[in-house]
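Data block below; observations after.
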Amino acid sequence: METNFSINYENKVVKVTLSGSLDAKRAPALADEIKKLIGKDIEKIVFFAKDLEYISSAGLRVIIFSKQKIGIDIKLYMVGATEGVLDVIKMSGIDNIMEITDTYEE
Amino acid sequence: METNFSINYENKVVKVTLSGSLDAKRAPALADEIKKLIGKDIEKIVFFAKDLEYISSAGLRVIIFSKQKIGIDIKLYMVGATEGVLDVIKMSGIDNIMEITDTYEE
Amino acid sequence: MADIIMPANMENFDRLMDFIQVEAENAGFDKKLVNKIRLACEEIIINVINYAYPDKEGDIEIKCNSNKDGSGFFIKIIDWGAPFNPLAKPEPDINAPADEREIGGLGIFLVRKVIDKFDYTREGNSNILTLFKYLS
Amino acid sequence: MADIIMPANMENFDRLMDFIQVEAENAGFDKKLVNKIRLACEEIIINVINYAYPDKEGDIEIKCNSNKDGSGFFIKIIDWGAPFNPLAKPEPDINAPADEREIGGLGIFLVRKVIDKFDYTREGNSNILTLFKYLS
Ligand SMILES: Nc1ncnc2c1ncn2[C@@H]1O[C@H](COP(=O)(O)OP(=O)(O)O)[C@@H](O)[C@H]1O
Ligand SMILES: Nc1ncnc2c1ncn2[C@@H]1O[C@H](COP(=O)(O)OP(=O)(O)O)[C@@H](O)[C@H]1O
């Protein structure tokens with residue numbers, strides 16, 4: 001189960017589409033991509049998680065990290081996450097630092 | 001590594017295209033298909049093995065079996081087998097019961 | 001019963017995780033519970049890979065086993081590193097604001113959340129962590 | 001070193017074979033030699049699955065290990081079935097015409113052909129087969 005993620009940065013919005021497993025093996029590549037955005041003018045990071053099947057603390061850490069490193073004032077969104085992924089996000093209290101929605105409107 | 005094989009029967013010739021691994025897990029499905037040809041009027045069975053990467057005794061057994069069950073007078077051909085597969089065929093003496101060729105002409 | 005031992009390193013991470021996933025599926029867990037089991041095991045496995053052998057190479061062993069009446073599933077994760085009892089770790093403050101929160105520290109916390117029973121023993125020079133999950 | 005134990009059945013065949021393949025690749029064998037190692041192990045594994053436990057379920061263990069000077073690779077295949085020494089089997093007649101040839105009997109013959117050293121011991125109630133292959 002690979003994570004295939006794609007990142008798009010446009011109009012101060014970063015869109016990250018996740019799929020498969022975001023685990024300790026696969027999270028570092030995402031962290032590397034997010035690091036490349038440090039210093040850019042960003043208002044929102046939107047994670048599209050409809051096809052994300054599994055997340056571990058390594059994956060959560062990338063999300064926390066993106067807020068800490070890109071800017072503490074940016075807004076994080078988690079869109080369409082499945083029940084299992086949402087459970088893990090809530091368990092760890094990360095739902096406090098992001099907006100969880102079913103769909104996303106531009 | 002799955003074996004994807006395809007079988008075609010036309011003009012008294014059976015063409016079997018093999019790929020991947022023909023091992024103990026995957027050989028029985030091929031044997032089942034060959035069993036369906038018992039009783040048909042067949043002169044040749046041609047195994048196309050260019051993409052076959054691995055064969056074990058279970059795979060060899062299907063080849064011997066096809067000669068024994070379809071008819072001892074039919075001709076077997078093994079076309080385009082890679083070095084590793086050919087080694088196993090020769091080691092086991094199966095090269096005595098079939099014609100080994102690089103290419104096949106109708 | 002199934003058992004695997006191999007060097008505790010990132011190259012073997014997927015093999016270890018696949019082993020557990022198949023065992024959990026074979027034991028009859030649905031997809032959601034399989035993923036909880038994967039989560040707990042990943043957190044422990046990653047800790048063994050990262051921390052158990054600071055200046056040498058070492059092995060990790062994973063044993064999977066259904067319990068006698070088939071109502072649940074044991075996973076034992078064993079290493080031969082320095083004594084470490086994850087149950088003795090204080091829980092992280094999951095309510096801290098993001099800017100104050102330490103990156104990390106969540107692993108063992110999540111294990112406790114998704115697993116039904118959790119046991120640690122030191123036997124000889126090995127750390128044995130036993131995780132137990134009910135089938136439903 | 002890596003080690004795996006699981007029930008000896010066809011459901012586990014691919015997992016056992018994948019385990020060996022990755023270990024052989026990690027040990028540095030090229031593709032052709034990896035396939036020879038796969039072949040030898042498949043023949044033994046299939047025999048354990050088919051014959052070692054005629055009227056019960058039982059386990060199979062596989063241990064992979066490079067030798068000390070790194071010039072070769074050991075695979076131990078262990079079962080707890082009735083005593084069976086494959087080295088004591090007579091070789092099949094590979095020159096028999098196809099119509100006379102028995103279907104089967106090739107397995108152990110092929111193991112001998114592709115493996116450099118081959119050893120059998122009975123220890124307690126286990127059969128231990130050790131295969132050794134030089135890296136080149
Ligand atoms: N097997 C281990 N051996 C030694 N120390 C460990 C081990 N596992 C965890 N630790 C220590 O416990 C801390 C907390 O682990 P954990 O809750 O998984 O969070 P994280 O690894 O994300 O920091 C680690 O940072 C590490 O210092
Ligand atoms: N582990 C085992 N326990 C008992 N009998 C065995 C075992 N392995 C092989 N045999 C016997 O040895 C015979 C020869 O085995 P093998 O050379 O692998 O050929 P095949 O399995 O194709 O017949 C088998 O048919 C079986 O009767």
Side-chain angles (χ1 to χ4, degrees), chain B residues 1-3 19-31 34-35 38 45 47 49 51-78 81-100, chain D residues 8-22 24-25 29-51 60 77 86 89 91-115 133:
Chain B
M1 275 217 263
E2 291 297 313
T3 291
S19 67
S21 294
L22 192 58
D23 60 19
K25 183 106 180 189
R26 280 151 269 265
L30 179 59
I34 287 181
K35 271 179 210 155
I38 293 175
I45 303 181
F47 293 95
D51 296 324
L52 185 65
E53 291 171 24
Y54 170 87
I55 192 167
S56 69
S57 74
L60 299 175
R61 218 171 298 155
V62 179
I63 294 171
I64 301 174
F65 163 94
S66 65
K67 190 150 175 132
Q68 289 181 333
K69 290 293 148 97
I70 304 280
I72 204 69
D73 297 327
I74 61 157
K75 281 196 147 184
L76 296 186
Y77 294 82
M78 174 67 61
T82 56
E83 198 192 341
V85 168
L86 225 46
D87 278 356
V88 180
I89 288 172
K90 288 182 181 163
M91 262 177 231
S92 55
I94 305 291
D95 55 334
N96 290 331
I97 65 160
M98 63 198 318
E99 204 141 312
I100 291 167
Chain D
N9 59 41
M10 262 335 264
E11 285 71 51
N12 286 329
F13 175 78
D14 281 346
R15 299 171 78 194
L16 294 163
M17 292 301 296
D18 287 349
F19 175 83
I20 289 162
Q21 176 163 353
V22 173
E25 286 167 355
F29 288 98
D30 65 23
K31 202 174 169 188
K32 221 182 126 184
L33 290 181
V34 168
N35 279 347
K36 290 196 168 170
I37 291 169
R38 285 172 69 194
L39 175 61
C41 292
E42 172 176 333
E43 303 301 339
I44 301 296
I45 289 169
I46 284 296
N47 283 350
V48 172
I49 291 173
N50 288 340
Y51 307 117
I60 183 167
I77 302 176
K89 275 262 146 192
E91 298 202 0
D93 179 6
I94 70 153
N95 291 311
D99 51 342
E100 292 170 18
R101 183 170 309 168
E102 299 220 349
I103 289 184
L106 278 175
I108 296 161
F109 173 81
L110 288 174
V111 178
R112 286 180 189 269
K113 283 280 190 180
V114 297
I115 283 299
K133 185 81 185 161

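Every chain is numbered from 1, with letters handed out A, B, ... down the list of sequences.
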Taking every heavy-atom pair that is under 4.5 Å apart, which of D:Ile49, D:Leu110, D:Ile46, D:Ile45 has the most such pairs with chain B?
D:Leu110
Residue set satisfying ring pair (Phe, Tyr, Trp, His ring centres under 6.0 Å) with D:Phe29, at least two apart, ordered chain then number -> D:Phe73
Do B:Asp23 and D:Met17 have side chains that get closer than 4.5 Å, going by heavy atoms?
no
Go through the structure and list residues passing salt bridge (charged side-chain N to carboxylate O under 4.0 Å, His left out) with B:Lys75, not counting sequence neighbours.
none
Which heavy atom of D:Phe109 sits nearest a heavy atom of B:Ser92, and at what distance?
CE2-CA, 4.2 Å
Where does B:Ile55 contact chain D at under 4.5 Å (heavy atoms): side chain, backbone, both or neither?
backbone
Closest heavy-atom pair, B:Tyr54 versus D:Glu42, reported as atoms and distance to 0.1 Å, is OH-OE1, 2.8 Å
Work out which heavy atom in B:Ser57 is nearest to a heavy atom in D:Glu43; give both atom names and the distance.
OG-OE1, 2.6 Å
Nearest non-hydrogen partners of D:Lys36 and B:Asp87, listed with the distance:
NZ-OD2, 3.9 Å
What heavy-atom pair brings B:Lys25 and D:Met10 nearest, and what distance separates the two atoms?
NZ-O, 3.0 Å
